[in-house]
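Take a look at the structure set out below.
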Protein chains: 2
Amino acid sequence: MDKNVSAAVIRRLPRYYRYLTDLLKVDIKRISSKELSERMGITASQIRQDLNCFGGFGQQGYGYNVESLYRELGKILGVDKRFNAIIIGAGNMGNALANYPNFKRRGYDLIGIFDINPELVGKEISGITIQSIDELESFIGKNKTDIAILTIPSQSISEVAEKVAALGVKGIWNFSPQDLKLSGDVVVENVHLSDGLMVLGYKIGELEQQNR
Amino acid sequence: MDKNVSAAVIRRLPRYYRYLTDLLKVDIKRISSKELSERMGITASQIRQDLNCFGGFGQQGYGYNVESLYRELGKILGVDKRFNAIIIGAGNMGNALANYPNFKRRGYDLIGIFDINPELVGKEISGITIQSIDELESFIGKNKTDIAILTIPSQSISEVAEKVAALGVKGIWNFSPQDLKLSGDVVVENVHLSDGLMVLGYKIGELEQQNR
DNA sequence: TAGATTGTTAATCGATTAACAATC
DNA sequence: TAGATTGTTAATCGATTAACAATC
């Protein structure tokens, strides 16, 4: 198991995880795929298929134990691990992410913030002093850095991405609208906020056409 | 045409739009599906299929005119329209989005910011004074509001979403980790940043397993 | 005209759903 | 034990890719 799991399945895992969090909050101990399917609006079949990509977490006649399934999914998603993260680009988005509470909750520790603008260097965000981008290499050399969060403009994105990749960062969380393609040993998660904005514009257009 | 276009196709449209923007920048006048496919890393066949959901924008033997395809996609995505937007939740993320430059570029005008915290009310973000959430109803009554950007905590999300929907907002851009399900006349685009973070955690785990 | 490349139909592939035997 | 619900195989559905006639 665990191999050849499709991207579609993987992107649903955090969603399962969120629903299980909610169940735990209201103290529900067990859940069947049928009941979960009603809550989530997907088929019970899909839930069972998805989960069975990673193991038989359920029990016939009983369903799934909420807490243990939650723990298992957390493990698969790496929530139990600690990742050291740096933010490159201390603008508005970098600032927002530095203060993002889910960050720590998902296993990420922010250990550095960098910017190219000398006026920002030395200022503090969320208890961390902004450093010059020139310090990046020596910083990563001294501090194990697992992921880099890139909140910089498109034009510098691929240069910076390649640099951090070369310095041994394992993952990149890319907030620029530019697609990142990097070779081999680094994984990339693109956010592309403005894509969502355009999809929203499309959907509103559709909606208005229907109501005509 | 234009009906029954799958979500997969729609989510690729902003990507095409971005690549066309880049082509325009470097002054490329025309492009074949083959060349675009090489740049984007998807098949030429898919590009032609996708575009033909909306019309025959190309010309046999020639390819696609970059500028006119760009304009057509822009129209489909509503980039040529103006949408009035408000932000609810003037925390870090609300603040970042208020200053987000792509916002205006995609046809959105920010006309109001709201927060429940009295200490924030009266302060200015990006030239707009934060109002109390109590003013929301009267504000939307007086000012045509197309979309609401929700950057508030999960616990209040569905209440606020239902409220703005009832007040006639057409679209919701939801930044809380909670899935929003709303009836009928309002479209929702969920962002769920922490999902991306967990997918990143998963991918890093996979990567490490391979390199073992 | 000849060459290129589209629009579109048909074939393939993969993902979702249905069904049911296994089993708690 | 009987009932419930899983894990898993098989059937269906949809999305992607290939192929090619139409045509610029």
Side-chain angles (χ1 to χ4, degrees), chain A residues 1-16 19-20 23 28-73 76 179 199 202 206, chain B residues 1-16 19-20 23 28-73 76 179 199 202 206:
Chain A
M1 67 191 112
D2 206 346
K3 64 178 174 185
N4 292 351
V5 178
S6 79
V9 174
I10 291 157
R11 299 215 162 264
R12 278 194 293 270
L13 295 180
R15 221 169 139 236
Y16 293 128
Y19 275 85
L20 289 166
L23 292 174
I28 292 176
K29 303 288 187 204
R30 68 165 169 137
I31 191 136
S32 66
S33 57
K34 182 159 175 287
E35 204 186 324
L36 189 57
S37 90
E38 282 156 10
R39 284 171 183 264
M40 295 184 66
I42 59 178
T43 65
S45 212
Q46 181 161 72
I47 293 172
R48 295 204 300 278
Q49 285 275 25
D50 284 357
L51 296 179
N52 274 87
C53 294
F54 301 96
F57 301 131
Q59 195 171 79
Q60 280 98 331
Y62 173 89
Y64 299 86
N65 178 289
V66 175
E67 201 179 320
S68 92
L69 182 58
Y70 174 81
R71 232 180 308 112
E72 291 292 345
L73 282 179
I76 294 164
D179 285 328
V199 171
Y202 173 84
E206 286 296 283
Chain B
M1 68 191 109
D2 205 345
K3 65 179 173 185
N4 292 350
V5 179
S6 79
V9 174
I10 291 158
R11 299 216 163 263
R12 278 194 294 270
L13 295 180
R15 224 173 135 232
Y16 292 128
Y19 274 85
L20 289 166
L23 291 174
I28 292 176
K29 304 289 187 204
R30 68 163 169 138
I31 191 134
S32 67
S33 57
K34 181 159 175 289
E35 204 186 324
L36 190 57
S37 89
E38 280 156 11
R39 285 173 181 263
M40 295 183 67
I42 58 178
T43 65
S45 213
Q46 180 162 73
I47 293 173
R48 295 203 300 278
Q49 285 274 25
D50 283 356
L51 297 178
N52 274 89
C53 293
F54 301 96
F57 301 131
Q59 196 170 78
Q60 279 99 330
Y62 173 88
Y64 299 86
N65 179 289
V66 175
E67 201 180 319
S68 91
L69 183 56
Y70 175 81
R71 235 182 302 112
E72 292 291 345
L73 283 179
I76 293 163
D179 286 327
V199 171
Y202 172 85
E206 286 297 284

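Quick caveat, the model's predicted, so the values are computed rather than measured. Here is how names work: the chains are called A, B, and so on, in the same order as the sequence lines, proteins then strands, and each is numbered from 1.
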* Asked: Atom CG of B/Leu69 to atom P of C/dT6: distance rounded to whole Å?
  -> 11 Å
* To do: Mind calculating the distance between CD (A/Gln49) and P (D/dT6) to the nearest angstrom?
  => 13 Å
Protein-nucleotides 11-14 of chain D N/O pairs under 3.5 Å:
none

* Structure fact -> Of C/dA18, C/dT8, D/dT17, the nucleotide closest to the side chain of B/Gln46 is D/dT17
* **Face-on cation placement of A/Arg30 at A/Tyr62 ring, 6.0 Å and 45° thresholds** => yes
* Asked: If you look at every heavy atom in A/Tyr64 and A/Arg48, which pair is closest and at what distance?
  -> OH-CG, 3.7 Å
* Asked: Is the shortest heavy-atom distance from the side chain of B/Thr43 to the side chain of B/Gln49 under 4.5 Å?
  -> no
* **Distance in angstrom units between A/Phe54 CZ and D/dT8 P, rounded** => 14 Å
* To do: Calculate, to the nearest 0.5 Å, the distance between atoms CZ and CE belonging to B/Arg12 and B/Met40 respectively.
  => 9.0 Å
* Might you point out which heavy atoms bring A/Leu13 and A/Ile76 nearest each other, and give the distance in Å? => CD1-CG2, 3.9 Å
* Rounded distance in Å - CD1 (A/Ile47) to C1' (D/dT6) -> 13 Å
* Give the rounded distance in Å between these two atoms: CD of B/Glu35 and C1' of C/dT6. => 15 Å
* Structure fact -> Per nearest nucleotide of DNA chain D, the residue lying toward the 5' end, B/Asp50 or A/Ala44, is A/Ala44
* To do: Name the nucleic acid region contacted by B/Thr43, choosing base, sugar-phosphate or nothing; use a 4.0 angstrom heavy-atom cut-off, strictly under.
  => sugar-phosphate
* Closest non-hydrogen atom pair between A/Ser68 and A/Asn65, with its separation -> N-OD1, 2.9 Å
* Asked: Quick one: B/Ile42 CD1 to D/dA15 C1', roughly how many Å, whole number?
  -> 13 Å
* Please tell me if the side chains of B/Leu51 and B/Leu69 come closer than 4.5 Å, counting only heavy atoms from C-beta onward. => yes
* Quick one: stems for DNA chain C, with Watson-Crick or G-U pairs under 3.5 Å, at least three in a row? -> C:3-24 with D:3-24
* Asked: Does atom CD of A/Glu67 have more than 12 heavy-atom neighbours, drawn from other residues, nucleotides or ligands, at distances under 6.0 Å?
  -> no
* Asked: Should A/Arg12 be listed as having a side-chain N or O under 4.0 Å from OP1 or OP2 of C/dT16?
  -> yes
* To do: Grab the two heavy atoms, one from B/Val5 and one from B/Cys53, that are nearest each other, plus how far apart they are.
  => CG2-CB, 4.1 Å
* To do: Using only heavy-atom distances, determine whether the side chains of A/Tyr19 and B/Asp179 contain a donor-acceptor pair under 3.5 Å.
  => yes
Interface polar pairs with nucleotides 1-5 of chain D, N/O, under 3.5 angstrom:
residue, atom, partner, partner atom, Å
D/dT5, O4', A/Gly61, N, 3.0
D/dT5, O2, A/Gly61, N, 3.3

* To do: Heavy atoms only: give me the nearest A/Asp50-A/Val9 pair and the separation to one decimal.
  => OD1-CG2, 3.6 Å
